[in-house]
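Worth saying up front: this structure is predicted, and the values here are computed from it rather than measured.
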Amino acid sequence: MSYFLPMLTPAPARPRHIVFLIFERFQVLDLAGPMQVFLSASEHARDAATGLPIDYRVSVVSSGPTRVQGSLSLAINAEPLPSALMPGTTVMVVGGKGVEAASQDLVLIDWLRSHADEAERICSVCNGAIVLARAGLLAGKRATTHWVDCDKLQRNFRDVTVDRDAIYVRDGKIWSSAGVSAGIDLALALVADDHGEAAAAVTAKWMVLYVKRPGSQSQFSEFIETIDHEKAGAFAELHQWILRNIRRDLSVPRLAAQAGMSERTFARKYRRLIGVPPAETVKRLRADTARHHLRTSTLPLKTVADRCGFGSVEQMNRVHLKFYGLTSRTLRDIG
């Protein structure tokens, strides 16, 4: 007699709930970009550990009217603030021009405070970090926001450690992201945290994104964005390492060692794929980094030069003149 045992399949992963909190004059892309990430993950990706489909349940809530006016003359239907959160809920507070008024909305702030322990994660997109800070949820934590609002966040909430350069920051259950499109990077990072890097990669591919950027990547490395990512994939990690170590020795021997190649092979392959010598990339990344500091801080020119790996202010000035046709001081003055 033969027996047929039923196939045992793993129980499906519990659904995860994403609650977007919006307010009058919110930034539409802060909502639509991350929301599309979760919807695309649910439609196209599978959990890396179980192979089962991903299940994100998305809702939009507001403390005010059920029809909320956003940017671009678009209005969104919203549900009232829920009295309780389902298990596995992530709350995402968007940003926008109405963030100051939202941060003074006692109903909204009290709701965040009273449900902070219930939520699995609490996140902000762009200057939505100001709302989290007003609710006391960033006290003693690292956070980021759009570079335009970094000074305001630090000035008004001195118990927050503001990371001015990161695309997104995770500190415990609190996540925050920089401006506008960085909310998409944050959402992809949440998918990776929930369901694995492969799930996030599939989601990014369906959304026709080049790559899921790491949170530590600078908000301002414009040169990196101009590189052909198909050709430069072999050096993507090296470029991120350069940005993280911008003030250190970045000579060709050091870069070759980091890339695990001989100096000759590294220099030849790098120029063939990227189109410029390695030293040129280092100069450009240092110039971009310094320009960001000059635009968004009051640090002395010498301090900026030191932090960005320039030997002197004069050297930094020469590089800025080469790439932008402007002196370092002029770059600061025009903001």
Side-chain angles (χ1 to χ4, degrees), residues 45 48 163 165-168 178 181-182 184-186 188-189 191-192 196-294 304-312 314-326 328 331:
D163 190 331
D165 295 338
I167 288 178
Y168 62 84
S181 64
I184 295 174
D185 296 286
L186 172 62
L188 285 168
V191 172
E197 293 288 345
V202 168
T203 304
K205 183 176 181 179
W206 275 98
M207 293 182 68
V208 199
L209 300 172
Y210 276 122
V211 67
K212 185 175 74 66
R213 298 181 290 179
S216 58
Q217 179 174 320
S218 167
Q219 295 185 33
F220 50 87
S221 56
E222 298 172 0
F223 176 66
I224 290 293
E225 297 302 319
T226 69
I227 295 174
D228 184 331
H229 292 269
E230 286 289 324
K231 295 180 179 179
F235 295 110
E237 290 187 7
L238 178 65
H239 289 152
Q240 298 310 318
W241 182 86
I242 292 173
L243 286 169
R244 291 193 301 270
N245 296 275
I246 200 71
R247 70 189 303 173
R248 296 175 57 185
D249 170 28
L250 296 176
S251 61
V252 170
R254 183 70 186 88
L255 297 178
Q258 182 65 28
M261 302 179 188
S262 69
E263 291 181 37
R264 176 178 292 184
T265 299
F266 168 71
R268 182 177 66 250
K269 183 174 181 180
Y270 189 93
R271 181 153 194 163
R272 176 169 55 83
L273 292 179
I274 306 303
V276 297
E280 189 76 1
T281 293
V282 171
K283 286 182 182 178
R284 183 56 187 262
L285 292 181
R286 282 179 166 154
D288 284 354
T289 305
R291 181 173 65 161
H292 169 78
H293 287 307
L294 292 170
V304 173
D306 289 342
R307 288 191 177 188
C308 298
F310 291 108
S312 65
E314 290 72 25
Q315 183 187 18
M316 178 174 70
N317 200 53
R318 286 195 299 272
V319 173
H320 280 154
L321 282 169
K322 175 182 177 180
F323 290 124
Y324 310 127
L326 298 170
S328 302
L331 286 171

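- The heavy-atom pair separating Ile274 from His239 by the smallest distance is CD1-CE1, 4.1 Å.
- Contact annotation: the side chain of His292 never approaches that of Thr289 to less than 4.5 Å [non-hydrogen atoms, C-beta and beyond].
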Self-check item: Steps toward side chain to side chain contact (heavy atoms under 4.5 Å, CB included) verdict (Met316, Val304)
Solution: CA-CA 9 Å; Met316 178 174 70; Val304 173; 3.9 Å; yes
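- More than 12 heavy atoms of other residues, nucleotides or ligands shown are found within 6.0 angstrom of CH2 on Trp241.
- Of all the heavy atoms in Ala166 and Ala178, the pair that sits closest is O-CB, 3.7 Å.
- Put simply, CD1 on Ile242 and CZ on Arg244 are 10.5 Å apart, with the number rounded to the nearest 0.5 Å.
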Exercise. Test side chain to side chain contact (heavy atoms under 4.5 Å, CB included) on Arg284 and Val276 and set out the steps.
Key: CA-CA 11 Å; Arg284 183 56 187 262; Val276 297; over 6 Å; no
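- Distance check, rounded to the nearest 0.5 Å: CZ of Arg307 to NE2 of His293 gives 6.5 Å.
- Heavy-atom minimum distance, Leu255 versus Pro278: CD1-CB, 4.0 Å.
- Around the CZ atom of Arg254, the shell of radius 6.0 Å holds more than 12 heavy atoms that belong to other residues, nucleotides or ligands.
- Between Leu331 and His320, the closest side-chain pair of non-hydrogen atoms falls below 4.5 Å.
- Across every non-hydrogen atom of Ala45 and Ala199, the tightest pair is CB-O, 3.7 Å.
- Of all the heavy atoms in Ala290 and Phe310, the pair that sits closest is CB-CE1, 4.0 Å.
- Rounding to the nearest 0.5 Å places CZ of Arg318 at 6.0 Å from OG of Ser312.
- Considering CG of Leu188 and CD of Glu197, their distance stands at 9.5 Å, rounded to 0.5 Å.
- Ion pairing between a basic and an acidic side chain is recognised when a charged N comes within 4.0 Å of a carboxylate O; Lys322 and Glu280 show such pairing.
- Side-chain contact check for Arg286 versus Leu250: some heavy-atom pair is nearer than 4.5 Å.
- Between atom SG of residue Cys308 and atom CG of residue Asp288 there is a gap of 10.0 Å, rounded to the nearest 0.5 Å.
- Here Asn245 contributes atom CG and Gln258 contributes atom CD; the two are 7.5 Å apart, rounded to the nearest 0.5 Å.
- Residues Tyr270 and Thr281 form a side-chain contact, since some pair of their non-hydrogen atoms from C-beta on lies under 4.5 Å apart.
- Minimum heavy-atom separation, Ser328 to Leu294: O-CD1, 3.5 Å.
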